Engineer: 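Take this structure first; my questions come after.
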Number of protein chains: 2
Amino acid sequence: MTHPAPPASLRERKKVRTRQALAETAAALFGERGFDATPLDDLLDAVEVSRRTFFRYYRSKEDVALTAVKELWSVFLEVLAEEPGTGPLRDVFRDALLTALARMDGDWHPRFATTVRLTADSPALEGHSLLHCAEVQAETRRLLGRPDDLELRLLIEFCVATWRSAVDDWLPTCAPGELPDHVRRAFAAMEAGLHLEA
Amino acid sequence: MTHPAPPASLRERKKVRTRQALAETAAALFGERGFDATPLDDLLDAVEVSRRTFFRYYRSKEDVALTAVKELWSVFLEVLAEEPGTGPLRDVFRDALLTALARMDGDWHPRFATTVRLTADSPALEGHSLLHCAEVQAETRRLLGRPDDLELRLLIEFCVATWRSAVDDWLPTCAPGELPDHVRRAFAAMEAGLHLEA
DNA sequence: GAAGAAAGTGCCACTCAGTGGCATTTGCGT
DNA sequence: ACGCAAATGCCACTGAGTGGCACTTTCTTC
């Protein structure tokens, strides 16, 4: 089971519904009016949840806005954990990324596109996004059992940077099916990039 | 002249002094009590500057805390601009970094060490630091005249990531003269990192 | 060197994110 | 049905950052 079975408990189901409602409404509201221009209270009113409750679900305003991104990386770590993979590690990471991408359901894609656009013009979001990438990198190193290996650390940094570059190239169009191509192109350019001459 | 000559105007001199006082006192205060645990007002009281004035000098509390880091990157961009360099670009970047490092005066080193330590245990600072790296990267691409070249973008991402890894390795000791060695080691490990096998 | 322009500063009141405490409700098990 | 624990809501608070306006300091010009 990739996703945990829907929990029987009513209490749990309500929690999940609230979480989703917050994330989805956040994407919609922020997408319309912009992240910085939308006070958190507007989101709380829309979802009819008190300030205090919100902060029991999400750590910050940025946190809820980045839900789609965090979902992707979470799946990425799952994929990496379940199939160790062999051969060049950067191919392993690229493929894990592509697999994770393929696993996201149709509902996810527009939310992700919205999030990426938001991130592009809100430094606060960009900062939190970079911070989250750093956490994922640390988690990946731990997963591979060599958290202190310099070369491994560099490789992971490179791969995440490559991913971000791919997303950046994809950003202007945000065409639904084209992200994997951008990812493949970017990863294919790593070697040449590293050996660029002035 | 690498640094602009001391401005004749009294007005300008006072501004510079206030800026420095804020940066230095910030490093001292934050270094003692921690970044998150030190309210901005404590800094303002210490320097005897009003809240309003502070925000005319620095954009945020994080901004003033990261002064030492920003100084380094600023010198890095200067170095890069004045000597285009030839050969493998990653060597050019590494050497520009080392040159910038060598140009910093003795006063800078302890402030930088403090800043790095602060950054390591304050997510807010880490986020702003990563954000600043991203700005420097964009500026570097612009400087080289190819802001949209994917391979160049990747190379710059890789180099900055490598720098950050080097600083991270240096962090536990923070031994004054050892940073350049860590930088050289990290850059030397790029190739092997990219070709790691699972 | 005095007068006025311009830049810099301080104070006050405001918005908004995030937190702690405590009472209240709501779903859960017996 | 009852009691327990979890979840929620409400209130008041801190702390960062901003806008407006009055006041002081420096620069300029005559």
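By convention in this document, chain letters (A, B, ...) are assigned in the order of the sequence lines, proteins followed by strands, and residues within each chain are numbered from 1. We use all heavy atoms of the structure for the numbers below, so side chains are in, but hydrogens, waters and symmetry mates are not. Computed from a predicted model, the values in this text were never measured in an experiment.
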Engineer: Taking the nucleotide of DNA chain C with the closest heavy atom to each, which residue, A/Arg56 or A/Thr38, is nearer the 5' end?
Structural biologist: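 It is A/Thr38 whose nearest nucleotide is closer to the 5' end.
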Engineer: Mind calculating the distance between CG (A/Asp41) and P (C/dG18) to the nearest angstrom?
Structural biologist: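 The answer, rounded to whole Å, is 11 Å.
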Engineer: Rounding to an integer number of Å, can you tell me how far A/Asp42 CG sits from C/dT15 P?
Structural biologist: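 The answer, rounded to whole Å, is 14 Å.
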Engineer: Does this structure show an ion pair linking B/Arg33 with B/Asp42, if we count only N-O contacts that are shorter than 4.0 Å?
Structural biologist: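 Salt bridge flag = yes for B/Asp42 with B/Arg33.
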Engineer: Would the base of C/dG27 count as contacting A/Arg13 through its side chain, where contact means a donor and an acceptor less than 3.5 Å apart?
Structural biologist: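 Under the 3.5 Å cut-off, the side chain and the base do not form any donor-acceptor pair.
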Engineer: Would you mind checking if B/Arg90 and B/Glu191 are paired as a salt bridge, meaning a charged N to carboxylate O distance below 4.0 Å?
Structural biologist: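 Salt bridge present between B/Glu191 and B/Arg90.
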Engineer: Rounded to the nearest angstrom, tell me the gap between atom NZ in B/Lys15 and atom C1' in C/dA7.
Structural biologist: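 From B/Lys15 NZ to C/dA7 C1': 8 Å.
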Engineer: In this structure, how many angstroms lie between the C1' atom of D/dA16 and the CD atom of B/Glu62, rounded?
Structural biologist: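 Distance check: B/Glu62 CD to D/dA16 C1' gives 9 Å.
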Engineer: Taking 4.0 angstrom as the limit, do A/Arg51 and A/Asp41 come out as a salt bridge?
Structural biologist: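 Looking at A/Asp41 together with A/Arg51, the answer is yes, because their closest N to O distance falls below 4.0 Å.
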Engineer: Within the 4.0 Å heavy-atom criterion, would you say A/Tyr57 contacts the bases, only the backbone, or no part of the nucleic acid?
Structural biologist: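 Contact class for A/Tyr57: sugar-phosphate only.
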Engineer: Mind calculating the distance between CG (B/Asp45) and P (D/dG15) to the nearest angstrom?
Structural biologist: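 About 12 Å, once rounded to whole Å.
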Engineer: Examine D/dT8: is either OP1 or OP2 under 4.0 Å from a nitrogen or oxygen in the side chain of A/Thr53? Give yes or no.
Structural biologist: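 So the side-chain polar atoms of A/Thr53 never come under 4.0 Å of the phosphate oxygens OP1 or OP2 of D/dT8.
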Engineer: Identify the two heavy atoms, one from A/Leu43 and one from A/Leu29, that lie closest to each other, and give their separation to 0.1 Å.
Structural biologist: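 Nearest heavy atoms, A/Leu43 then A/Leu29: CA-CD1, 3.7 Å.
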Engineer: Tell me whether A/Arg153 is salt-bridged to B/Asp168, with the criterion being a basic N under 4.0 Å from an acidic carboxylate O.
Structural biologist: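 Salt bridge between A/Arg153 and B/Asp168, a charged N being under 4.0 Å from a carboxylate O: yes.
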Engineer: Does D/dG15 have OP1 or OP2 sitting under 4.0 Å from an N or O in the side chain of B/Lys61?
Structural biologist: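 Answer is no, no contact under 4.0 Å.
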Engineer: Can you say whether a donor on the side chain of B/Arg51 sits under 3.5 Å from an acceptor on the base of D/dG17, or the other way round?
Structural biologist: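 When only heavy-atom distances are counted, B/Arg51 does reach the base of D/dG17 through a donor-acceptor pair under 3.5 Å.
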Engineer: With no angle test and no hydrogens, is the base of C/dG8 tied to the side chain of B/Arg52 by a donor-acceptor pair under 3.5 Å?
Structural biologist: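 Result: no qualifying N/O pair found.
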Engineer: Checking all strands, does B/Tyr58 fall into the base, sugar-phosphate, or nothing category for heavy-atom contacts under 4.0 angstrom?
Structural biologist: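 Result for B/Tyr58 = nothing.
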Engineer: Roughly, in whole Å, what's the span from CG in B/Leu40 to C1' in D/dG17?
Structural biologist: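 So the two atoms are 9 Å apart, to the nearest Å.
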Engineer: Please report the distance, rounded to the nearest Å, between CZ in B/Phe55 and C1' in C/dG8.
Structural biologist: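 Taking CZ of B/Phe55 and C1' of C/dG8, I get 17 Å after rounding.
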Engineer: Does OP1 or OP2 of D/dT26 have a side-chain N or O of B/Lys14 closer than 4.0 Å?
Structural biologist: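 Affirmative; the distance criterion is met.
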Engineer: Please give, in whole Å, the distance from D/dA16 P to B/Asp63 CG?
Structural biologist: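 One finds 14 Å between P of D/dA16 and CG of B/Asp63, rounded.
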